[in-house]
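Below is one structure; the comments refer to it alone.
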Number of protein chains: 2
Amino acid sequence: MAESTRFSVAVHVLSVLGYLEQSGVKLVSSSQIAQSVNTNAVVIRNLMSALKKAKLVRSKEGKNGGLYLARKPSQISLQEIYSAVETEGVLSSHQKPHFAPCPVSRGMKKVFLNVSKEVDGAVAKVLHKKTLKDIVDQF
Amino acid sequence: MAESTRFSVAVHVLSVLGYLEQSGVKLVSSSQIAQSVNTNAVVIRNLMSALKKAKLVRSKEGKNGGLYLARKPSQISLQEIYSAVETEGVLSSHQKPHFAPCPVSRGMKKVFLNVSKEVDGAVAKVLHKKTLKDIVDQF
DNA sequence: CCATACTGTAACTATAATCGTTACAGTTAT
DNA sequence: ATAACTGTAACGATTATAGTTACAGTATGG
């Protein structure tokens, strides 16, 4: 499987919200955000669905509605964004059934999972230190 | 894009070579390895092509030929395996053209790349510490 | 020296994941 | 009421990856 770009789009989207918030804009519509990302508004709304579940954004429905950050950018870590939109870790194991006569084949899944967990932990540590504010301040 | 499983297959393949080497087996054919991974022999040979370029394995052609490790398992780090088979880092940025009027859109690529590099560095550090021997010893 | 069993690689097809689109129901402001 | 939004389902398009077929090249061993 090719790697997901959901995380990068999520960071982009939240950065737009954070950036405009600084300029006094309270609500941003999904189609405005879609313009910035250069994609379809529905793609943004689907992503927002995940970000809402993670309580990173809130929305106002109806006319003149839109999206806004649920917290201050300094209180949103990239790690939270990551886990909100990516279900799997950074390394993915192949999922073929094992070949019973081979001990390596039988044990591979478990062994790889341990490596995978360790890598995910290191990634989480890096992302935990960075907040959305750190990103927004660069614009 | 769905995430690549090339790394996990590469670790599996090299583990098979390392494991059998311990049992005195000098050469393993691509179809034997394919059985263990539960895939096609050509998939293995294509992967081996990358691993040969990285000088992690060698091959003997012709009848009774096969593949073998170029170095001892203790001298092969998971980091080397990773960079041999994965061209991109663990985080991938979306590649849409930017929307010129939006500063976030214009700057996003560069900003995300910095995060990406930092994450890749952390992953490399973890993988560098682990060798193929550490993996093989678990079987 | 020919049959056999391998590697190496190109070219093509199949499959699956993701993205994008259409459509429409629900909600709120004016 | 109408217009402008969000929310979500369903479907189609696109793309990445895996798998397959085919065959040339190479070494071994009878």
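Excluded from the calculations below are hydrogen atoms, water molecules and symmetry mates; all remaining heavy atoms, backbone and side chain alike, are included. Throughout, a chain's letter reflects where its sequence line sits, starting with A, and its residues are numbered from 1.
Taking for each of A:Asn38 and B:Leu67 the nucleotide of DNA chain C with the nearest heavy atom, the 5'-most of the two is the partner of B:Leu67. Across the interface with DNA chain D, nearest-nucleotide mapping of B:Gly62 and B:Ala41 shows B:Ala41 to be the residue nearer the 5′ end.
Between B:Asn46 atom CG and D:dG19 atom P there is a gap of 11 Å when expressed in whole angstrom units. Following rounding to the nearest Å, B:Glu61 (CD) and C:dC6 (P) show an atom-to-atom distance of 14 Å. B:Lys60 has its NZ atom 9 Å from the P atom of D:dA27, to the nearest Å. When rounded to the nearest whole Å, the span between CG of A:Asn40 and P of D:dG7 equals 15 Å. Between A:Leu47 atom CG and C:dG20 atom P there is a gap of 11 Å when expressed in whole angstrom units. For the pair B:His94 NE2 and D:dT15 C1', the computed distance is 18 Å after rounding to whole Å. If you take CD of A:Glu88 and C1' of C:dA17, they are 11 Å apart, rounded to a whole angstrom. What separates CG of A:Leu51 from C1' of D:dT6 is a distance of 15 Å, to the nearest Å.
For B:Val43, taking side-chain heavy atoms from C-beta onward, the closest of the listed nucleotides D:dT20, D:dT6, D:dT28 is D:dT20. Closest approach to the A:Lys63 side chain among D:dA4, D:dG7, D:dT8 is made by D:dA4 (side chain taken as heavy atoms from C-beta onward).
Nucleic acid contact class of B:Ser49 (heavy atoms, under 4.0 Å, all strands): sugar-phosphate only. Note on B:Thr39: only backbone sugar-phosphate atoms sit closer than 4.0 angstrom, heavy atoms only; bases stay farther off.
Heavy-atom neighbours of A:Arg58 CZ from other residues, nucleotides or ligands within 6.0 Å: at or below the threshold of 12.
A 4.5 Å side-chain heavy-atom check between B:Thr131 and B:Gln75 finds every atom pair outside the cut-off. Looking only at side-chain heavy atoms (C-beta outward), A:Ser36 and A:His12 come within less than 4.5 Å of each other. With a 4.5 Å cut-off on side-chain heavy atoms, A:Arg45 and A:Ile33 do not count as touching. The shortest side-chain heavy-atom distance between A:Ser59 and A:Met48 does not fall under the 4.5 Å cut-off.
Contact between the side-chain N/O atoms of A:Arg45 and the OP1/OP2 oxygens of D:dG7 is not found at any separation under 4.0 Å. Considering only side-chain N and O atoms, B:Ser30 lies nowhere under 4.0 angstrom from the phosphate OP1 or OP2 of C:dC6. The side chain of B:Ser29 places no N or O atom within less than 4.0 Å of a non-bridging phosphate oxygen (OP1 or OP2) of C:dA5. The shortest distance between the side-chain N/O atoms of A:Lys96 and the OP1/OP2 oxygens of D:dG19 is below 4.0 Å. Residue A:Asn64 places none of its side-chain N or O atoms closer than 4.0 Å to OP1 or OP2 of D:dC5.
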